[in-house]
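Just below is one structure, and these are the notes that go with it.
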Amino acid sequence: MKLISTRGEAPAVSLSEAIMTGLAPDGGLYLPETLPAIDPDTLDPDWPLWRIAAALFAPFFKGDVLEDALETICREAFSFPVGLDTPDPQAPNLAVLELFHGPTAAFKDFGARFLAQCLRRLKKPGDAPFTILVATSGDTGGAVAAAFDGASEARVAVLYPEGRVSKLQEHQLACWSDTVTTLSVRPDFDTCQALVKQAFNDPAFRSDFHLTSANSINIARLMAQMSYYAWAALVVARQGRAPVNVIVPTGNLGNALAAVWAKRMGLPIGRIICAVNANRTVADYFETARYEPRASVPTQANAMDVGAPSNFERLTHMAGSDDLTAFGIGADWVSDALIESAIGDAYRRTGRVWCPHTAVGLVAHARLSPDDRAAPWVVAATAHASKFPDVVEPIIGRRIDPAPPLAALLDRPKRIRPMEASLGALRAALEDQRALLG
Ligand SMILES: *Cc1c(COP(=O)(O)O)cnc(C)c1O
């Protein structure tokens with residue numbers, strides 16, 4: 001398969017090349033030249049997720065240097081459970097897709113682990129290790145750090161917005177070995193993301209550090225995320241209720257785009273709603289047909305505090321001159337007050353505690369018309385509630401235990417380097433890391 005850039009000014013590349021480079025040299029994002037089709041009848045919801053993933057990704061890997069490793073890559077990446085539960089007796093058609101059972105308790109583990117398995121096999125003997133530069137609004141950085149920690153093939157530099165992530169998130173960004181450098185940047189996520197883009201757009205910087213990106217601009221992350229939508233769609237289809245509609249708590253649009261791709265590949269998925277918080281760029285776009293990126297504002301669902309979603313460019317490129325609503329894609333936005341009341345309400349009625357991001361999706365579902373709610377829906381539960389105790393505990397009035405993998409991380413010391421938001425400061429940080437690792 002050939003991958004092309006959204007900006008059309010970079011040569012087409014193989015999948016491995018797109019995974020290694022992250023951002024295309026013209027500043028665009030890589031997309032499959034044409035999205036392959038798959039017959040859902042060739043897939044079985046009883047298969048483990050890695051096997052569904054391997055079947056789904058096979059056309060992407062055809063002819064690639066990683067083709068023969070695909071099955072092993074998927075086995076090693078998707079080695080933890082995914083759940084589909086119907087937690088609310090008052091909403092029998094609503095299933096929650098639990099994506100938080102991985103090592104850092106958020107859906108980012110799927111993409112980060114898949115990317116890590118691919119990249120480790122792409123470093124050639126004698127080449128310098130990759131440097132994975134990742135801007136994080138909270139969860140990506142931890143997932144990427146965990147996936148690459150201690151690997152000799154790659155170093156990781158995580159940039160996160162100081163004071164804008166939970167204590168537990170911060171810990172899981174910063175508790176790794178020397179192969180991971182954790183940099184706190186002010187004032188917000190968009191600043192981190194802009195700095196990462198600037199580094200990538202600087203050819204000298206890029207080659208000096210053998211940069212690659214683990215943000216959702218990296219095509220491997222998007223591909224990985226298609227697998228669980230495929231699985232959920234197959235489960236619902238076997239119940240004779242296809243197609244399933246999907247609600248995706250959305251920030252940079254990576255997870256939602258994966259659902260769109262799974263649908264376009266032929267899986268029985270109906271509508272796809274991007275549920276956003278008070279960072280309304282995407283919701284406003286669907287309402288006004290104008291895309292107006294803006295500075296992000298802090299909300300209770302901090303991993304979605306994105307004012308300029310990086311994957312928007314992919315979404316519109318794919319639609320071409322068509323209206324996105326023609327693909328069955330829509331959006332809804334949810335205030336902090338509603339996030340809080342949804343967490344409290346779900347806890348009182350069902351005993352379940354949801355993270356604030358998942359709550360955004362649940363509110364979007366509750367707002368559908370009764371007719372719409374008669375159809376099957378899946379809300380992606382993007383993180384474990386225990387990652388956000390500051391938000392969740394006051395609402396439910398009790399403490400929640402950290403998810404087991406997170407509890408294990410809390411014993412490790414953390415190291416953070418505060419950094420000015422400039423390319424010079426980033427270069428100095430990466431040079432120090434290189435000197436340290438030798
Ligand atoms: C990253 C993240 C999101 C947003 O996902 P995108 O792919 O950026 O749209 C939602 N919820 C949680 C918990 C996240 O970590």
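Ligands are counted one by one from 1 in listed order, and the atoms in each one are counted from 1 as well. Scope of the values below: all heavy atoms of this structure, side chains included, with no hydrogens, waters or symmetry mates. Not measured: the values here are computed from a predicted model.
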With nothing but distance in play, are any N or O atoms of [X] less than 3.5 Å from an N or O of ligand 1?
X	result
Phe388	no
Thr140	no
Asn255	yes
Thr382	yes

Assess the pair [X] and [Y]: is the distance between their ring centroids shorter than 6.0 Å?
X	Y	value
Phe80	His101	no
Tyr285	Phe312	yes
Phe114	Phe110	no

Provide the number and element of each atom of ligand 1 under 4.0 Å from a heavy atom of [X].
X	value
Ala383	13 (C)
Thr250	9 (O)
Gly254	6 (P), 7 (O), 9 (O)
Pro249	4 (C), 10 (C)
Asp139	12 (C), 13 (C), 14 (C), 15 (O)

For residues Val246 and Tyr229, determine if any side-chain heavy atom of one lies less than 4.5 Å from a side-chain heavy atom of the other.
-> yes
Under a 4.5 Å cut-off applied to non-hydrogen side-chain atoms, are Ile343 and Ile396 in contact?
-> yes
Output, in order, the C-alpha distance, side-chain angles, deciding distance and verdict of salt bridge (charged side-chain N to carboxylate O under 4.0 Å, His left out) for Glu292 and Arg290.
-> CA-CA 6 Å; Glu292 290 171 349; Arg290 278 196 308 275; 3.3 Å; yes
When rounded to the nearest 0.5 angstrom, what is the spacing between CD1 in Ile219 and OG in Ser213?
-> 12.0 Å
Considering non-hydrogen atoms of the protein only, which is the closest contact for [atom], and what is the distance?
atom	value
atom 5 (O) of ligand 1	Phe107 CZ, 3.4 Å
atom 1 (C) of ligand 1	Lys108 NZ, 1.4 Å
atom 6 (P) of ligand 1	Asn252 N, 3.5 Å
atom 4 (C) of ligand 1	Gly251 N, 3.5 Å
atom 10 (C) of ligand 1	Met304 CG, 3.5 Å

Of all the heavy atoms in Phe100, does at least one lie under 4.0 Å from an atom in ligand 1?
-> no
Ligand 1 contact by Ala256, heavy-atom criterion under 4.0 angstrom | no
Lys414 and side-chain hydrogen bond (donor to acceptor under 3.5 Å, both in side chains): which partner among Glu170, His171, Gln172?
-> Glu170
Side-chain donor-acceptor pair under 3.5 Å between Asn279 and Asp305, yes or no?
-> yes
Cation-pi check, Arg51 onto Trp47 ring (under 6.0 Å, within 45° of axis) = yes
